[in-house]
Amino acid sequence: MVIVYIEEAGELAQQALAFAHELGEPLHALAAGGAPAVAGVETIHVAEDDVFASHAPAAIAQALVELVERLAPTAVVAAGTERGNEVLAHAAARLDVPFSANCVAATAGDPMHVTRVRWGGSLLEDARLHGSPKLLTVQPHAVPAAENTGDEPETEAFAPTLSEGDRLVRVVERVAAADGGISLADAKVVVSAGRGAGSPEGFGIIEELAGLLGGAVGCSRAVTMAGWRPHTDQVGQTGTKIAPEIYIACGISGATQHMAGCKGAKALLAINTDADAPILASADYAVIGDLHEVVPAVSAELRKARGD
Amino acid sequence: MRVLVCVKRVPLTGGRMVLTENAQAIETRHLGFTISPHEECGVEEAVRIVEAHGGESVVLTLGPKEAEEQLRDAMALGMDRAIHLVTDGEEWDPQATASAIVDAIREDESANGPFDLVFFGNESADGGNYQVGIRVAYSLGRPVATGLKGVTFEGGNVRCEQEVAGGRDVYVLPRPAVVGVLEGLNLPRYPSVPAKLRAQRKPVESRTPSRPESRLEKVRLVVPEGQGKEAVILGHGPEAAPAVVEVLQQIGVA
Ligand SMILES: Cc1cc2nc3c(=O)[nH]c(=O)nc-3n(C[C@H](O)[C@H](O)[C@H](O)COP(=O)(O)OP(=O)(O)OC[C@H]3O[C@@H](n4cnc5c(N)ncnc54)[C@H](O)[C@@H]3O)c2cc1C
Ligand SMILES: Nc1ncnc2c1ncn2[C@@H]1O[C@H](COP(=O)(O)O)[C@@H](O)[C@H]1O
């Protein structure tokens, strides 16, 4: 048996279920606080306790450990989201077993052979995962999702035995953010600039083009380190991962850590003075030239095409 | 206040990943080294805490003897002293790493008292295992919150903030505690030249733990496909604008 921890129903849960299904054993699910709408598993075990009203990673991990002790699964799988990785790392620490984060493939066996991502996706690692059960998460958007169809699973509620310590780490407050406009992660168009922008003022033309396209503004780490833009604008391994229809990267060299954040873009247009910049090896389209001249020309041409 | 920050030496790769012949590591002959931006923010925060409340900041790494460079860099940003767990350069898996860090923390605490706060990066730059800090917290029996972009002291507690869709989620942990932080927590300072010189004279304590068997055992590294596209050159300079707009229209965003 394989247990899949479901943080919430949706695309990433379906990817984790498809991945777990490949291990060739019956699937059970664990959820905390309420049953998510997922199919394709025999039973959803729902951990119930007031603490699950908000995110409580240590308590969820304790529920998972109880279930592991009761059902003796060969593996536990979750989506490799921030919270999926967190809960499995807590469970791994409690069980004192290894944990392989952000896998893209796994072959059942002992040890289990896994392929996992490193460097935010710029590198892969083939590894042997020892211990029992095998704990692993699934790299988001790296495997196809299972269709959410099939028989409705049984639901079994249980009340895990939680200590004060298990209840301690939980969300006690949600501070709402001011509406910041189009979010970088969800934008259909992202226009970014790097060191080539030259200054904070260099972003005026980037904002203008993004505005015309109904898109969001991004940047590289060179820009955030210089204090030209806030870190919330940073695209990359340690910034935001984006997946727009088109990513327009101006004056950005294409370091692997930057590219780790824009692999999900359907098309990439690079604007760079250097025809040999590494970003061209990942770009679909390129303009060789100074962004301070090219970007305003594109904005003007867009206005012209719209008859403004 | 006593604060510890754990950092990991990693190569500063450029536009391409190049592996050694045996595919066990990144070819680093022409590369510099650094630490994760997440860990750099941990260092900056620790320095600020000690500046504000007094006490001592300590930076710790498990890595080859060359990793002393990263310890000196952190001390140039203001950390007071360093602990170096020296390896032969082989990578340690996350469980082994955590257990060596726990031993070092216990030893330091038995002489100097508990660390009020231990900082980890949310995930290491190269390994991305998302677990060393959490494992250390469990071994020490301390609460841990990860994915943090806000860490502030409130009396005997530490207020931890995560950025989530629609706002910030808040956790309040009693100290001593362990935190896993993200870039964006603060904007780290640049080290001054005098600070770099001072860092050369700050104490580094080193120890040589022995490496246990890997339980997450690396077999080989693989460079994923996807590099080496042939970009369509739409033109040179502002004359390329009409061709760019045509592409935007084709994609359906203009
Ligand atoms: C662990 C780790 C994590 C990291 N995470 C991130 C991350 O999340 N995001 C990120 O971006 N970086 C990240 N980095 C940093 C990354 O390695 C690079 O240093 C950074 O992306 C470089 O930014 P850049 O391309 O703007 O600057 P540079 O590399 O300096 O490139 C500037 C580019 O602009 C071009 N240019 C200059 N002037 C002009 C002009 N007038 N018009 C057009 N083009 C021009 C140049 O030809 C060059 O290609 C990380 C690094 C590490 C080690
Ligand atoms: N070799 C190491 N030496 C010191 N700290 C480390 C080491 N490896 C990992 N860490 C710490 O643990 C965090 C999480 O690492 P990981 O679990 O590998 O993603 C890192 O950001 C560091 O703070």
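Letters go in sequence order (proteins before strands), and every chain restarts at 1. The structure presented is a predicted model; accordingly, all values stated were derived computationally and were not measured.
With no hydrogens or angles considered, no side-chain donor-acceptor pair links A/N85 and B/E123 at under 3.5 Å. A/Q257 and B/T13 share a side-chain donor-acceptor pair at under 3.5 Å. Judged by distance alone, the side chains of A/R170 and B/Y171 never bring a donor and an acceptor atom under 3.5 Å apart. One side chain, A/E82 or B/N122, offers a donor N or O that lies under 3.5 Å from an acceptor on the other. For the residue pair A/R83/B/Q162, the side-chain donor-acceptor check at 3.5 Å is satisfied.
Atom OH of A/Y285 sits about 9.5 Å away from atom CG of B/L248, to the nearest 0.5 Å. Taking OG from A/S122 and CD1 from B/I26, the interatomic distance works out to 9.0 Å, rounded to the nearest 0.5 Å. For the atom pair CZ of B/R220 and OG1 of A/T115, the computed distance is 8.5 Å after rounding to the nearest 0.5 Å. Taking CD1 of A/I288 as the start and NE2 of B/H236 as the end, the distance is 5.5 Å to the nearest 0.5 Å.
The contact between A/T232 and chain B is made entirely by side chain atoms (from C-beta outward), counting heavy-atom distances below 4.5 Å. Residue contact with chain B, scored on non-hydrogen atoms closer than 4.5 Å, involves the backbone and the side chain of A/H55 alike. Both the backbone and the side chain of A/V169 come within less than 4.5 Å of a heavy atom in chain B. In this structure, chain B has no heavy atom under 4.5 Å from any part of A/L291. Both the backbone and the side chain of A/T238 come within contact range of chain B, judged by heavy atoms closer than 4.5 Å. Both the backbone and the side chain of A/E173 come within less than 4.5 Å of a heavy atom in chain B. Using a 4.5 Å cut-off between heavy atoms, B/V245 touches chain A through its side chain atoms alone. The part of A/V117 that comes within reach of chain B is its backbone (N, CA, C, O), which places non-hydrogen atoms under 4.5 angstrom from that chain. Looking at B/E163, the atoms closer than 4.5 Å to chain A (heavy atoms on both sides) all sit in the side chain, from C-beta outward. The contact between B/V172 and chain A is made by backbone and side chain atoms together, counting heavy-atom distances below 4.5 Å. Both the backbone and the side chain of A/L213 come within less than 4.5 Å of a heavy atom of chain B. Contact of A/A305 with chain B is made through the side chain alone, with heavy-atom distances under 4.5 Å. For a residue to count as touching a neighbouring chain, one of its non-hydrogen atoms must lie under 4.5 Å from one of that chain's; by this rule A/D290 does not touch chain B. Both the backbone and the side chain of A/H130 come within less than 4.5 Å of a heavy atom in chain B. For A/P98, the parts lying under 4.5 angstrom from a heavy atom of chain B are both the backbone and the side chain. Of the atoms belonging to A/A58, heavy atoms from both backbone and side chain fall under 4.5 Å from chain B.
Smallest separation of non-hydrogen atoms from A/T224 and B/L187: O-CD1, 3.4 Å. In terms of heavy atoms, B/P238 sits closest to A/V294 at N-CG2, 4.1 Å. Pairing each heavy atom of A/R116 with each of B/N129, the nearest pair is NH2-OD1, 3.2 Å. The minimum heavy-atom distance linking B/P224 with A/G121 is given by the pair CG-O, 3.7 Å. A/A286 and B/A231 make their closest contact through CB-CB, 4.3 Å (heavy atoms, listed as atom of the first residue, atom of the second, distance). Nearest heavy-atom pair, A/V287 versus B/G237, reported as atom, atom and distance to 0.1 Å: CG1-O, 3.9 Å.
Of all the listed residues (A/D96, A/V295, A/V189), the one sharing the greatest number of non-hydrogen pairs under 4.5 Å with chain B is A/D96. When each of A/L123, A/I248, A/V172, A/L212 is checked for heavy-atom pairs under 4.5 Å with chain B, A/L123 comes out on top. With chain B as the partner, the residue from A/E245, A/R221, A/R306 showing the most heavy-atom pairs under 4.5 Å is A/R221. Here A/Q237 is the residue among A/Q237, A/M259, A/K266, A/K304 with the most heavy-atom pairs under 4.5 Å with chain B. Contact tally against chain B (heavy-atom pairs below 4.5 Å) for A/H90, A/M225, A/E86: the top residue is A/H90.
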